[in-house]
Colleague: 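Provided herewith is a single structure, encoded as structure tokens, for subsequent inquiry.
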Amino acid sequence: MDRANGTSIDRSRTVRDEAVRDGAAGADFLQLDIREAPPGGLSDWLARRLRQAILDGRLPVGSRLPATRVLAAELRVSRGVVTDAYRRLGEDGHVAGRGRAGTVVVAAPVRIPAPPPPPGPAGPPSPEEVFAAAPGPDVFDRLRAVPARLDLTPGTPDLAAFPRAAWQRAERRALDGLVPSDLGYGDPRGVPALRLAVVDWLARNRGVRADPGEVLVVSGTAQALTLFAQVLHDEGVREMAVEDPGSLGARMHLNARGLATPPVPVDGGGIRVGALRATGAPAVLLTPAHQFPTGVVLGGDRRRELMRWAAGGGLVLEDDYDAEHRYDRPPVPALKSMLPDHVVYSGSVSKLLAPALRVGWVLAPPRYRDALADAKRYADLGNAALPQLTLARLMASGELERHLRLLRGRHRRRRDAMVAAVRAHLPGAVVHGAAAGLHLTVVLGSPSGSAADPPFADTDLAAAALARGVKTHPLSWHTQLPSPPGLVLGYAARTPGEIGEAVAVLGEVVRGLR
């Protein structure tokens, strides 16, 4: 016996000593390093390490241990060392052999419960908390965290209509066409196939003529705003004018990169260019095809006036928001087609397909292209290649146009349902933006019609509606200048029946506040 034990200890010491000299015997599993084992106690050491991992939660119940031969090979020990350690844990009741399923953790030692954490916020914020103060950087995250039975958040497309089958076909074709080099680091400006597809798409649908070399693929319009704001800030620009009302989210992205956002009023013809000129801002962010949130189109006279402003050195950042979603009006060309040297154009598929894809594009005048490409490179080295290749095939095949035609019919019916519901349940409300887009803006004013004396704050209305399960945006979130109370109501993601039910709740809340 002693001779046998001595032989076993000698072998264990020899294995350990060889591992110490080699310096390479270790496993990724639990970061096990055989050099930490005492001479002659490999099985004891391994069993203790596994038992501690079960105790502290690194190996919860249901975890599968590595196969004995695999772990033995990684640690450069005999398989018997690992088998003996597993046997000891089995005798303790911590693990059990499950045949082909391997060795599985089945119980953890009873531990003294840790003291409860100090009191903190539990669950999502209340509706009152979301709307109580001026919106901060996390306001949209906080709003999303509050559950709602009927979500009328603007800017959300019909996610149930995502063309899964067409996307899968395009993705399979993209995968079939991949070569190994396509899976490496690519051009941070985007894969050539998508840049070409974007150019063709814009020529067909937005009247923009461009070369693929002008296209920078980005992670949606939000990143386009952030990158261009960074480029301007690096050049010494400190402000970019914005429409008022205008997107709170866009304003936040610009502010986060150090740009002030002086407001410029919007009326029935679009942005008032005279007021823009008066701000002295060298650049402006516009949504000319379907202004957010009023839905007005930048008219011909204003476009010509804007051209004169740009010719004097002004720069336009064009967010082609909702340009494709139109129902009762003809298409309007992008500003980029009229002012190619004075417009930085951005678009995306967030409203056409899904925001989760995070794919958009920027076309900039020559003097900004290299700086924007550098900003993109240092931000993330470029978008993921496979979604780009899939989208390129979806665009080139005509599937994206077919999907858009389907959406237009569906959205028109939902728009009609919302307009009818507003007329029925919010009499006297003024509806803006019904001819296109994915949302309506409803201005409520006061019973006398005087915008100067609103009967309630729209944030109170939004909070009360959310408490009853209807989620929307108060118009005041998207304004810097004084405005009457209102709501921005998205309809694309809801059925006509849900829209009618939600607006009926809004009507009841308004009557209660009056």
Side-chain angles (χ1 to χ4, degrees), residues 202-203 205-210 214 221 224-225 228-229 231-232 235 237-247 250-251 253-254 259-326 329-348 361-369 372 432-433 435-437 441 478-481:
L202 294 178
N205 295 282
R206 303 300 299 127
V208 175
R209 298 177 61 84
E214 300 176 41
T221 303
L225 286 171
F228 192 61
V231 168
L232 289 183
E235 288 190 349
V237 175
R238 292 296 180 265
E239 60 180 6
M240 178 181 289
V242 296
E243 300 162 317
D244 196 281
S247 168
R251 202 163 71 237
H253 282 286
L254 298 176
L259 297 187
T261 50
V264 182
V266 169
D267 58 23
I271 193 168
R272 291 164 53 184
V273 182
L276 167 62
R277 187 176 288 108
T279 67
V284 63
L285 170 64
L286 297 180
T287 51
H290 183 74
Q291 199 274 334
F292 183 88
T294 67
V296 301
V297 176
L298 188 65
D301 291 340
R302 296 287 172 84
R303 288 178 177 239
R304 286 185 287 273
E305 193 176 355
L306 187 68
M307 291 175 68
R308 291 191 290 271
W309 173 81
L315 181 68
V316 176
L317 177 53
E318 179 179 16
D319 177 0
D320 207 15
Y321 178 79
D322 272 359
E324 299 89 357
H325 301 292
R326 54 181 179 78
R329 63 164 174 79
V332 292
L335 286 177
K336 181 69 174 176
S337 66
M338 304 169 60
L339 295 166
D341 294 331
H342 299 279
V343 173
V344 177
Y345 176 93
S346 67
S348 80
W361 44 83
V362 179
L363 283 72
R367 66 184 185 275
Y368 294 111
R369 286 177 199 156
L372 275 170
H432 297 277
T441 294
H478 302 286
T479 63
Q480 300 181 76
L481 302 173

Colleague: Within a 6.0 Å radius of atom CZ on Arg209, are there more than 12 heavy atoms belonging to other residues, nucleotides or ligands?
Modeller: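 Result for CZ/Arg209: open.
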Colleague: Does the side chain of Pro282 reach to within under 4.5 Å of the side chain of Glu239, using non-hydrogen atoms?
Modeller: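 Counting from C-beta outward, Pro282 and Glu239 do come under 4.5 Å.
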Colleague: Taking Asp320 for its side chain and Gly347 for its backbone only, find out whether a donor-acceptor pair lies under 3.5 Å.
Modeller: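 No; zero donor-acceptor contacts below 3.5 Å.
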Colleague: Quick one: pull up CH2 in Trp361 and CG in Leu202 and give me the separation to the nearest 0.5 Å.
Modeller: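 Between atom CH2 of Trp361 and atom CG of Leu202 there are 6.5 Å.
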Colleague: Could you check if a side-chain atom of Tyr368 sits within less than 4.5 angstrom of a side-chain atom of Leu232, using non-hydrogen atoms only?
Modeller: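 Tyr368 vs Leu232: side chains touch.
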Colleague: Minimum heavy-atom separation for Val266 to Ile271, with atom names?
Modeller: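 Residues Val266 and Ile271, closest heavy atoms: CG2-CA, 4.2 Å.
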Colleague: Could you pull out the closest heavy-atom pair between Ser337 and Ala334, with the gap in Å?
Modeller: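 Closest heavy-atom pair between Ser337 and Ala334: OG-O, 2.6 Å.
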Colleague: Mind checking whether Glu243 and Leu285 have side chains closer than 4.5 Å, heavy atoms only?
Modeller: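 A side-chain contact under 4.5 Å is absent here.
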Colleague: Do Leu315 and Val237 come close enough that some side-chain heavy atom pair is under 4.5 Å?
Modeller: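 A side-chain contact is absent here, since even the closest heavy-atom pair is not under 4.5 Å.
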Colleague: Between Gln480 (side chain) and Val242 (backbone), is there a donor-acceptor pair under 3.5 Å?
Modeller: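 No, because the side chain of Gln480 does not come within donor-acceptor range (under 3.5 Å) of the backbone of Val242.
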Colleague: Please name the pair of heavy atoms, one in Leu372 and one in Val362, separated by the smallest distance, quoted to 0.1 Å.
Modeller: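 Heavy atoms of Leu372 and Val362 come nearest at CD1-CG1, 4.0 Å.
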Colleague: For Thr441 and Pro293, indicate whether the former's side chain and the latter's backbone hold a donor-acceptor pair under 3.5 Å.
Modeller: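 Yes, because the side chain of Thr441 sits within donor-acceptor range (under 3.5 Å) of the backbone of Pro293.
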Colleague: In Å, rounded to the nearest 0.5 Å, how long is the span from CG of Leu225 to CE of Met240?
Modeller: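 It is 7.5 Å, given to the nearest 0.5 Å.
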Colleague: Look at the side chain of Glu318 and the backbone N and O of Lys336, then say whether any donor-acceptor pair between them is shorter than 3.5 Å.
Modeller: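 Yes; at least one donor-acceptor contact below 3.5 Å.
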Colleague: Is the Phe292 ring parallel, tilted or perpendicular to the Tyr321 ring (thresholds 30°, 60°)?
Modeller: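 Geometry flag for Tyr321 against Phe292: perpendicular rings.
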Colleague: Do any pairs count as a side-chain hydrogen bond (donor to acceptor under 3.5 Å, both in side chains) and have a residue in residues 303-314, sequence neighbours left out, and if so which ones?
Modeller: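 Found Asp301-Arg304.
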Colleague: Applying side-chain hydrogen bond (donor to acceptor under 3.5 Å, both in side chains), which residue pairs with at least one partner in residues 265-286 are found, sequence neighbours left out?
Modeller: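 Sorted pair list: Asp267-Arg302.
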Colleague: Is there a donor-acceptor pair under 3.5 Å between the side chain of Gln291 and the backbone N or O of Gly270?
Modeller: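 Flag not set: sc Gln291 to bb Gly270 has no pair under 3.5 Å.
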Colleague: Can you spot which of Val343, Leu339, Val344 makes a side chain to side chain contact (heavy atoms under 4.5 Å, CB included) with Pro365?
Modeller: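 The single option meeting the side chain to side chain contact (heavy atoms under 4.5 Å, CB included) with Pro365 is Val344.
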Colleague: When you look at Asp322 and Thr287, which way does the side-chain contact (heavy atoms from CB on, under 4.5 Å) test go after all the steps?
Modeller: CA-CA 9 Å; Asp322 272 359; Thr287 51; over 6 Å; no
Colleague: Between the side chain of Arg369 and the main-chain N/O of Leu363, is any donor-acceptor distance below 3.5 Å?
Modeller: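 Not confirmed, Arg369 side chain does not pair with Leu363 backbone.
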Colleague: Mind checking whether Leu317 and Phe228 have side chains closer than 4.5 Å, heavy atoms only?
Modeller: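 Side-chain contact under 4.5 Å: yes.
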Colleague: Are side-chain heavy atoms of Val332 and Leu298 found at a separation under 4.5 Å?
Modeller: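 Answer no - side chains too far apart.
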Colleague: How many angstroms lie between atom CG of Leu335 and atom NE2 of His342, to the nearest 0.5 angstrom?
Modeller: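 It comes to 12.5 Å.
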Colleague: Please report the interatomic distance OG1(Thr261) to CG(Leu254), rounded to the nearest 0.5 Å.
Modeller: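 Answer rounded to 0.5 Å: 7.0 Å.
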